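Written out below as structure tokens is the structure these notes cover.
Ligands are counted one by one from 1 in listed order, and the atoms in each one are counted from 1 as well. Worth saying up front: this structure is predicted, and the values here are computed from it rather than measured.
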Amino acid sequence: MKVAVLTGGGDCPGLNAVIRAIVRRTMGKYGGEVVGFRYGWAGVIENNQMPLGLAEVSGILPRGGTILGTSRTNPYRVDGGFEAIKKTLKDEKLDGLIVVGGEDTLGVAYKLYREGLPIVGVPKTIDNDINGTDFTFGFDTAVHIATEAIDRLHTTAESHNRVVVVEVMGRHTGWIAVKAGIAGGADLILIPEIPFELDDVCSIIKKRHGRGKNFSIVVVAEGAKLPAAEHEEDKAKGELVLQQGSTDAFGHVRLGGIGNELARIIEEGTGFETRVTVLGYTQRGGTPTAFDRVLGTRFGVVAADLVHAREFGKMVSLHGDKVIPIEMSHAIERLKLVDTELYEVAQTFFG
Ligand code: F6P
């Protein structure tokens, strides 16, 4: 059996664990061969590949990033992209292609599967917002990094009597913000799923300082929507804060900057000195936690088994403590939003 693998979209701690597991399972259990396409879908379109054998995957388990490279190439936006992918798979006599990606990469994978290509999916994102799986690898690492940052920001905020706004990743959902915020003892957490009023933000902080506290930590997800003062009647909708207006090949804007905006508003609204820290790509880089290494490894092993069983159109997923195959369509049905119950736990500690 000949299997190929690609990693697409933003990189994520644990990708190399998946690649290593696919290679070890395919070679060890099925006597098969594995190749890797470089830079996501771009590598399949251009047939830019590398062999993946024991030597190539040796020592990569603790490494961040992806040894294959990644990109946000959307084959449906490339002239002749679909035909080129079909040709590469045929020329290389591939029995199956394992696609490791988030909602965009898996969306393309599902479309290609529907067009008859032998594809298996592995869900990936630090944002943890893919439907159909309890967790994606990379999320645990991101939460650890953000929690450690919040711990560190606590001591400097306290020493200077400041409010510190911590901006974390989370394009559509606030999973990192809520989990790291609870773990780090945040005094307020703002996420895309829950609209908020700026007056409430300021009064929560004033209330806290009114009971003798002289510092606060506010965690905000980059995709949280700032209430738009100029659209009074439509406040619940809010506005995304963008770094730039252009979009990527999947139509996503580049987010970032809500932390700065909030810090300015909080300082003006409360009179407390306020600073901002944007964690950005530190949440995605570097070595994966043990949890993410194990989850990535388990996903890779089951994905290789699915190709061997010719169970195409499936995606691996975590349900409780079991890794099980589900239909890949689940990944693109909708986003997995933060549970209200979890946010209520976080709210207990606001102010
Ligand atoms: O999907 C994960 C994510 O980290 C988002 O939270 C973020 O908006 C996005 O990737 C940014 O990635 P890039 O700058 O690489 O496009």
Side-chain angles (χ1 to χ4, degrees), residues 6-15 18 39-42 64-66 68-74 77 99-109 121-133 135-147 149 166-181 189-193 219-226 238-261 277-286 288-289 292 295-296 315 331-332 334-338:
L6 72 82
T7 53
D11 74 331
C12 179
L15 282 168
V18 179
Y39 306 111
W41 291 113
T66 158
L68 294 175
T70 186
S71 75
R72 293 195 187 275
T73 305
N74 181 350
R77 289 268 194 104
V99 175
V100 190
E103 37 148 1
D104 298 325
T105 307
L106 290 178
V108 169
V122 175
K124 164 245 57 156
T125 169
I126 64 161
D127 291 354
N128 198 40
D129 58 0
I130 298 184
N131 187 45
T133 183
F135 290 104
T136 43
F137 60 86
F139 172 63
D140 186 65
T141 307
V143 169
H144 274 258
I145 293 166
T147 303
V166 192
E167 182 182 308
V168 299
M169 278 189 168
R171 194 200 289 275
H172 308 291
T173 63
W175 287 103
I176 298 175
V178 173
K179 283 278 177 91
I189 303 169
L190 303 170
I191 61 173
E193 292 92 327
V219 178
V220 60
E222 62 180 349
K225 292 173 199 83
L226 209 57
E239 282 182 353
L240 289 167
V241 180
L242 310 181
Q243 265 187 52
Q244 57 176 56
S246 60
T247 53
D248 68 14
F250 288 92
H252 300 301
V253 289
R254 194 183 298 170
L255 295 174
I258 188 166
N260 280 303
E261 288 288 311
T277 297
V278 180
L279 299 187
Y281 297 100
T282 59
Q283 294 159 98
R284 248 173 45 180
T289 58
D292 285 337
L295 185 59
M315 148 185 130
I332 49 173
R334 61 187 173 86
L335 284 168
K336 186 180 69 187
L337 304 180
V338 168

Name each donor-acceptor pair under 3.5 Å that joins a side chain in residues 99-109 to protein atoms two or more places apart or in another chain, with its distance.
| unit_1 | atom_1 | unit_2 | atom_2 | d |
| --- | --- | --- | --- | --- |
| Glu103 | OE2 | His172 | NE2 | 3.2 |
| Asp104 | OD1 | His252 | NE2 | 3.1 |
| Asp104 | OD2 | His252 | NE2 | 2.8 |

- prompt: Is there a side-chain contact between Ile191 and Thr173 (heavy atoms, below 4.5 Å)?
  reply: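 Counting from C-beta outward, Ile191 and Thr173 never come under 4.5 Å.
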query: Who passes side-chain contact (heavy atoms from CB on, under 4.5 Å) against Thr70, sequence neighbours left out?
result: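 For Thr70 the side-chain contact (heavy atoms from CB on, under 4.5 Å) partners, ignoring immediate neighbours, are Thr7, Asp11, Thr66.
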query: Sequence neighbours excluded, which residues qualify as side-chain contact (heavy atoms from CB on, under 4.5 Å) partners of Pro13?
result: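 Testing Pro13 for side-chain contact (heavy atoms from CB on, under 4.5 Å), a comparison that skips the adjacent residues, returns Ile126, Thr141, Pro288.
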- request: List the atom of Thr73, the atom of Ala42, and the distance in Å for their closest heavy-atom pair.
  value: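 Of all heavy-atom pairs spanning Thr73 and Ala42, the closest is OG1-CB, 3.5 Å.
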- request: Search all heavy atoms of Thr136 against all heavy atoms of Thr125 and return the closest pair with its distance.
  value: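 Result for this residue pair: OG1-O, 2.7 Å.
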query: Which protein residues have a heavy atom under 4.0 Å from ligand 1?
result: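 Residues Arg72, Thr125, Ile126, Asp127, Met169, Gly170, Arg171, Glu222, Tyr281, Arg284 each place a heavy atom under 4.0 Å from ligand 1, listed by chain and number.
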